[in-house]
Amino acid sequence: MSKQVRVRFAPSPTGPLHIGGVRTALFNYLFAKKNGGVFFLRIEDTDQNRFVPGAEEYIMEALEWLGIAPNETIGKNEKFGPYRQSERKHLYKEYADLLINSGNAYYAFDTAEALDAHRKQHEEQGKTFIYNHHNREKLDTSLVISAEETEKRIANGEDYVIRFKTPVDETLHLQDIIRGEVKFETNLLDDKVLFKSDGMPTYHLANIVDDHLMETSHVIRGEEWLPSMPLHVLLYRAFGWEVPEFAHLPLILKPIGNGKLSKRDGDKLGFPVFPLDWTDPKSGETSSGYREKGFFPETVINFLALLGWNDGTEKELYSLEELVESFDLNRVHKSGAKFDPEKNKWFNHQYLVKKNDADLAKSFAPIVAEKGFSVSENTLTKIVSLIKERAHFISEFWDLSDFFFVAPTSYDEKASKNWKEETPALMQKLISVLGEITDFTSLNIETIVKDWMTKNEIGMGKVMQPFRLSLVGALKGPHLFDIVELIGKEETIKRIEKAIDSL
């Protein structure tokens, strides 16, 4: 690539950042890093009616948490600032005027009522109303009234919009990195509004002007923007600017059924579709996020990267550095990728298991403290090492380990069937064996107990299952003698005695 790669993520602050938007940001980030380029964040807030307080901060926080923060954005390396479109609005009128002067755009004074009447008239004839070359010279536009009349109407404060004058009878052969050649007939396109009389540009004009001024080399965005591609390319051409390369990412699809993944799917099936928790400032309703659900940022990055992309191997686990190394837009699929909440939990389990036990213990400590227990960091680290293989989230640690902290108050009914008539006597003998052990470590306790059973020809199941039931209250948990070592001799004997009394 001859010029520096500069790619952008340009969300609108209209609410929380959807997981599909996060993937768009991620693919832009990976592409920039792979090519030694710049990833920048621009906030597209020209539609002030849809602006939601807190959404911009949410977007920034989400990217920071995920470890894919931009190189340039609001308040950070503002080489091409401002990075908030509402602070750039003084720029856009100048470019709209350039298009008017070059004959690539025109003023339209049609009222909403007039346009509505045209639509209804077309519907009655079984047609669809499209504002384009078919009718632009029959409507209330500067193409049919004089320049003087146009100026006079604008000076009088009459409402107007500036529309792009789409070329006629042209087939556009455009290149998309992911989709190859895509063709568009200009006669089927409408003359989009670029600028409104309130001084605000529409998305299309602001987007093109900013991408040009910020030297965007590649536009990597969602598939839903593919229909806008011909207009955007035509705008570049009208300005005489170099066109960036385009890549339209496949949709993220619902886990069940057809169509694009939505918040409703998450609500229905109980999984988040946002990176962080979000509380709607109007309704007060909170939507859950991956961070608060206990997912690690590297988990979210990993599963999102594999939605619509792979490196051609069977590999599933990638660090961010490995993703940067492997990423290639040419390996992004054209078809949509199904979202799999269960697989995402599997990813989190893989990352949890790989984490340092002491670090996990630090995260588990507040949960233990909340339950009213105080144990040493060393003990907690040992407990974590014994249970983490069974967990997807740190939040599951308590249910997997509560018996380390508190004796069972009830016993699993099904498992209690292993408590036979001869069991109390065997358990009393086991208490005697345990009482004589001085080196109370897992391996030594196991050796002595198993030797005792072998010498006395006692079947393994006759002792081991009631023993576990006494300590845990069920036939679950890690290696039995690891539990015995951690809860200690006194507590072990006390729990066996309680089981003898209770069962």
Side-chain angles (χ1 to χ4, degrees), residues 357 360-361 364-365 367-391 394-503:
D357 294 338
L360 289 172
F364 184 35
I367 298 171
V368 173
E370 202 180 289
K371 298 286 183 185
F373 296 95
S374 176
V375 292
S376 72
E377 202 175 298
N378 189 37
T379 302
L380 209 52
T381 302
K382 280 183 187 167
I383 291 170
V384 164
S385 73
L386 297 175
I387 61 165
K388 70 176 188 179
E389 286 285 350
R390 295 172 177 82
I394 292 167
S395 60
E396 294 170 354
F397 281 6
W398 178 258
D399 286 343
L400 290 168
S401 68
D402 57 352
F403 50 82
F404 283 108
F405 305 94
V406 60
T409 53
S410 61
Y411 301 91
D412 180 78
E413 206 175 311
K414 202 174 172 189
S416 299
K417 287 172 184 167
N418 293 290
W419 196 274
K420 309 287 186 194
E421 207 176 311
E422 72 272 20
T423 303
L426 281 172
M427 291 295 102
Q428 285 292 359
K429 284 176 186 168
L430 176 62
I431 288 171
S432 303
V433 173
L434 294 169
E436 287 171 18
I437 301 171
T438 49
D439 174 14
F440 215 72
T441 54
S442 178
L443 184 60
N444 190 52
I445 304 162
E446 184 173 5
T447 305
I448 291 169
V449 169
K450 285 184 176 175
D451 281 352
W452 163 67
M453 287 191 288
T454 305
K455 275 180 198 161
N456 292 281
E457 295 180 351
I458 305 165
M460 198 71 84
K462 286 186 175 179
V463 171
M464 300 303 274
Q465 288 184 338
F467 191 7
R468 182 178 288 277
L469 187 63
S470 303
L471 303 189
V472 177
L475 299 182
K476 64 172 192 179
H479 185 57
L480 181 59
F481 294 99
D482 288 341
I483 300 173
V484 174
E485 180 189 336
L486 270 169
I487 66 174
K489 186 195 286 190
E490 192 183 326
E491 179 65 17
T492 299
I493 290 170
K494 199 194 287 183
R495 289 190 190 187
I496 299 170
E497 285 172 342
K498 187 183 174 192
I500 293 168
D501 290 342
S502 304
L503 291 162

Under the side chain to side chain contact (heavy atoms under 4.5 Å, CB included) criterion, do L386 and L486 qualify, and how do the steps go?
-> CA-CA 11 Å; L386 297 175; L486 270 169; 3.6 Å; yes
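- Applying the salt bridge (Lys or Arg N to Asp or Glu O under 4.0 Å) test to every pair with at least one member in residues 449-462, sequence neighbours left out, gives these pairs: E446-K450.
- In this structure the side chain of Q465 never reaches within 4.5 angstrom of the side chain of W419, judged on heavy atoms.
- Smallest separation of non-hydrogen atoms from S442 and E485: N-OE1, 2.9 Å.
- Judged by distance alone, the side chain of N444 and the main-chain N or O of D439 form a donor-acceptor pair under 3.5 Å.
- Nearest heavy-atom pair across F403 and G477 is CZ-CA, 4.0 Å.
- By the 4.5 Å heavy-atom criterion applied to side chains, E389 and P478 are not counted as neighbours.
- Across I500, V472, L471, V484, a single residue satisfies side chain to side chain contact (heavy atoms under 4.5 Å, CB included) together with R495, and that is L471.
- Heavy atoms of other residues, nucleotides or ligands lying less than 6.0 angstrom from CD of E377 number 12 at most.
- Here the side chains of I394 and I367 are in contact, with some heavy-atom distance below 4.5 Å.
- With rounding to the nearest 0.5 Å, the separation of CZ in F481 from CZ in R468 is 9.0 Å.
- Side chains of F404 and I487 form a contact here, defined as non-hydrogen atoms less than 4.5 Å apart.
- A donor and an acceptor atom, one from each side chain of D357 and T381, are nowhere located under 3.5 Å apart.
- For the atom pair F364 CZ and I383 CD1, the distance stands at 7.0 Å (nearest 0.5 Å).
- Between F373 and V406 there is a side-chain heavy-atom pair separated by less than 4.5 Å.
- In this structure, CD1 in I448 is found 9.5 Å from CD in E436, a value given to the nearest 0.5 Å.
- I458 is listed as a side-chain neighbour of L426, based on a closest heavy-atom distance under 4.5 Å.
- Between the side chain of K382 and the main chain of D482, no donor-acceptor pair closer than 3.5 Å is present.
- Side-chain contact between L434 and F467 is present, with at least one heavy-atom pair separated by less than 4.5 Å.
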In sequence, state the C-alpha distance, the side-chain angles, and the governing distance for L503 and L469, and then conclude on side chain to side chain contact (heavy atoms under 4.5 Å, CB included).
-> CA-CA 10 Å; L503 291 162; L469 187 63; 4.0 Å; yes
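- When all heavy atoms are compared, the tightest approach of D402 to D399 is OD1-O, 3.9 Å.
- Separation of atoms CD1 (I493) and CD1 (I431) is listed at 6.5 Å; rounding is to 0.5 Å.
- The shortest heavy-atom contact between L475 and A415 is CG-CB, 3.5 Å.
- The two residues S401 and I387 make their nearest non-hydrogen contact at CB-CD1, 3.8 Å.
- Side chains of S376 and N378: a donor-acceptor N/O pair is absent below 3.5 angstrom, by distance only.
- At least one side-chain heavy atom of W398 sits less than 4.5 Å from a side-chain heavy atom of K371.
- Annotation for K498: atom NZ counts as buried by contact number, over 12 foreign heavy atoms lying within 6.0 Å.
- In this structure, M453 and V463 approach most closely via the heavy-atom pair SD-CB, 3.5 Å.
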